[in-house]
Protein chains: 2
Amino acid sequence: MSCAEDCGVRDVQDRLGDKWTVHVVVELSGGVRRFSELQRLVPGISQRMLTLTLRRLERDGLVTRTVYPTVPPQVEYELTATGRDLTGLVRALVDWSLAHRGTIADARRAYDERRRP
Amino acid sequence: MSCAEDCGVRDVQDRLGDKWTVHVVVELSGGVRRFSELQRLVPGISQRMLTLTLRRLERDGLVTRTVYPTVPPQVEYELTATGRDLTGLVRALVDWSLAHRGTIADARRAYDERRRP
DNA sequence: CCGCATCCTATGAGATACTG
DNA sequence: CAGTATCTCATAGGATGCGG
């Protein structure tokens with residue numbers, strides 16, 4: 001590696017690279033959200049994966065979890081300062097992907113065609 | 001998803017999120033590199049994983065592969081225009097990770113400690 | 001409503017051995 | 001030198017059911 005132990009880059013890669021974190025962060029960038037709200041805003045995510053995604057974000061100090069001891073229980077999630085800062089990087093990722101989407105798709109088609117006569 | 005099929009974001013996440021692509025791209029940002037050179041510059045990568053990483057980058061049009069029909073064979077890899085553009089995003093990722101490394105590590109320790117008395 | 005526990009499968013990735 | 005071919009293992013993530 002360019003530097004031993006990856007300088008903490010691995011941790012960020014793991015978040016940005018997994019299936020749901022980017023989507024959840026995008027939704028949380030809109031403000032405070034409840035668990036069920038997030039599950040509705042991120043179609044396809046299971047309860048299990050939403051829980052895991054939020055726990056990991058919470059553990060890294062990117063999201064706060066607030067429990068209101070009501071019946072039924074109510075839990076709110078919100079980006080921390082660091083979490084809001086992360087949205088900048090997420091935007092950069094999404095923007096880059098959209099900007100080069102066509103180019104990459106074309107390259108891929110050309111490559112596959114060259115290998116499949 | 002915010003948009004169906006992830007708008008191509010998934011493809012970029014897969015590259016940035018895997019174990020070796022970022023390291024290989026960083027080394028290629030320094031200019032043309034041979035296969036064996038990359039294997040030396042990216043400690044720990046196996047022949048197999050270097051091959052896979054380079055093939056995926058080539059398929060997406062991010063890297064060119066030039067074979068010189070010499071004996072022994074010589075193959076050179078180089079970033080394309082799109083590939084060089086990708087290094088900007090990679091830098092952003094690395095910079096963000098370094099900038100928040102300490103904060104994240106602290107949050108993680110605090111979280112783990114709260115759960116392990 | 002929110003979330004944990006369990007089971008299961010698909011994929012990423014390491015180790016190793018072999019070739020033009 | 002620059003790969004390909006297998007094998008194996010660890011982990012991400014889906015499905016489902018229970019519990020406070």
Side-chain angles (χ1 to χ4, degrees), chain A residues 1 6 9-25 27-28 32-60 63-78 111 114-115, chain B residues 1 6 9-25 27-28 32-60 63-78 111-112 114-116:
Chain A
M1 303 77 180
D6 271 338
V9 178
R10 180 77 261 141
D11 295 325
V12 180
Q13 284 181 273
D14 286 342
R15 295 301 117 250
L16 295 188
D18 75 19
K19 194 165 178 179
W20 300 110
T21 297
V22 164
H23 296 288
V24 170
V25 167
E27 295 307 330
L28 285 174
V32 179
R33 295 282 182 264
R34 297 185 52 176
F35 186 91
S36 52
E37 210 173 350
L38 286 171
Q39 196 164 20
R40 188 169 40 73
L41 290 167
V42 183
I45 196 170
S46 63
Q47 276 195 339
R48 172 183 143 82
M49 288 316 297
L50 181 53
T51 300
L52 281 179
T53 302
L54 288 167
R55 283 298 169 285
R56 297 195 275 229
L57 287 169
E58 189 194 0
R59 183 165 107 101
D60 286 356
V63 158
T64 57
R65 176 172 180 269
T66 311
V67 182
Y68 297 96
T70 58
V71 175
Q74 175 169 349
V75 183
E76 285 184 350
Y77 293 92
E78 186 174 17
Y111 182 94
R114 243 178 289 127
R115 306 237 144 189
Chain B
M1 303 76 181
D6 272 335
V9 178
R10 180 75 261 142
D11 295 324
V12 179
Q13 286 180 272
D14 286 341
R15 294 304 117 248
L16 295 187
D18 74 18
K19 192 165 178 179
W20 301 109
T21 296
V22 164
H23 297 288
V24 170
V25 166
E27 294 307 331
L28 284 174
V32 178
R33 295 284 182 262
R34 297 185 53 176
F35 186 91
S36 52
E37 212 173 346
L38 285 171
Q39 195 164 19
R40 187 168 41 73
L41 289 166
V42 183
I45 196 170
S46 63
Q47 279 194 335
R48 171 184 144 82
M49 289 315 297
L50 181 53
T51 301
L52 281 179
T53 302
L54 288 167
R55 285 295 172 286
R56 296 194 276 229
L57 287 169
E58 189 196 358
R59 183 163 108 102
D60 286 357
V63 157
T64 58
R65 177 171 177 270
T66 311
V67 183
Y68 297 97
T70 59
V71 175
Q74 176 168 348
V75 182
E76 286 185 350
Y77 293 92
E78 186 174 16
Y111 181 95
D112 292 345
R114 243 178 287 128
R115 306 234 145 190
R116 297 272 166 182

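Note that the coordinates shown come from a computational prediction; the quantities given were computed from them, not determined experimentally.
Here the nucleotide nearest the side chain of B:Thr51, chosen from C:dA13, D:dT4, C:dG3, is D:dT4. Between D:dG3, C:dA13, C:dC1, one nucleotide has an atom nearer to the side chain of B:Arg65 than all others, and that is D:dG3. Among C:dG14, D:dG13, C:dC1, the nucleotide with an atom closest to any side-chain atom of B:Ser46 is C:dG14. Here C:dC4 is the nucleotide among D:dC1, C:dC4, C:dT6 with the atom lying nearest to any side-chain atom of A:Arg55. Side-chain atoms of B:Phe35 lie closest to D:dA2 of the nucleotides C:dG14, C:dC2, D:dA2. Distance from the side chain of B:Pro73 is smallest to C:dG20 among C:dG14, C:dG20, C:dC1.
With sequence neighbours excluded, the residues that form a salt bridge (charged side-chain N to carboxylate O under 4.0 Å, His left out) with B:Asp18 are B:Arg15, B:Arg56.
Distances shown here put every side-chain N or O of A:Ser36 at or beyond 4.0 Å from the OP1 or OP2 atom of C:dC1. For B:Tyr77 and D:dC1, the shortest distance from a side-chain N or O to OP1 or OP2 is not below 4.0 Å. Under 4.0 angstrom from either OP1 or OP2 of D:dA2 there lies no side-chain N or O belonging to B:Arg33.
Summarising the geometry, the separation between CD on A:Gln13 and P on D:dT11 is reported as 17 Å, rounded to the nearest angstrom. If you take CD of A:Glu58 and C1' of C:dC4, they are 15 Å apart, rounded to a whole angstrom. Between the CH2 atom of B:Trp20 and the C1' atom of C:dA13 there is a distance of 9 Å, given to the nearest Å. Rounded to a whole Å, the CG atom of A:Leu50 is 18 Å from the P atom of D:dT16. In this structure, A:Asp14 atom CG and C:dG12 atom P are separated by 14 Å, rounded to whole Å. If you take NZ of B:Lys19 and P of D:dA12, they are 12 Å apart, rounded to a whole angstrom. For the pair A:Arg56 CZ and C:dG3 P, the interatomic distance rounds to 15 Å; values are reported in whole Å. Regarding A:Met49, its CE atom lies at a distance of 18 Å from the P atom of C:dC2, rounded to whole Å.
Counting any heavy atom pair closer than 4.0 Å across all strands shown, B:Tyr68 reaches no nucleic acid atom. Using a 4.0 Å heavy-atom criterion, one finds that B:Arg34 contacts the sugar-phosphate atoms exclusively.
Proximity of a side-chain donor or acceptor of A:Gln39 to a complementary backbone N or O of A:Ser36 within less than 3.5 Å is not detected. When atom types are taken as modelled, the side chain of A:Thr53 and the backbone of A:Thr21 share no donor-acceptor pair closer than 3.5 angstrom.
Evaluation of atom-type donor-acceptor distances gives a pair under 3.5 Å for the side chain of A:Arg48 against the base of D:dG14.
A donor and an acceptor atom, one from each side chain of A:Arg33 and A:Tyr77, are nowhere located under 3.5 Å apart.
Sequence order on DNA chain D of the closest nucleotides to A:Gln47 and A:Asp18 puts A:Asp18 first from the 5' end. Taking the nucleotide of DNA chain C with the nearest heavy atom to each of A:Pro72 and A:Leu52, the more 5' of the two is matched to A:Pro72.
Taking CG of B:Leu54 as the start and CZ of B:Phe35 as the end, the distance is 6.5 Å to the nearest 0.5 Å.
Of all heavy-atom pairs spanning B:Glu27 and B:Val42, the tightest one is CG-CG2, 3.9 Å.
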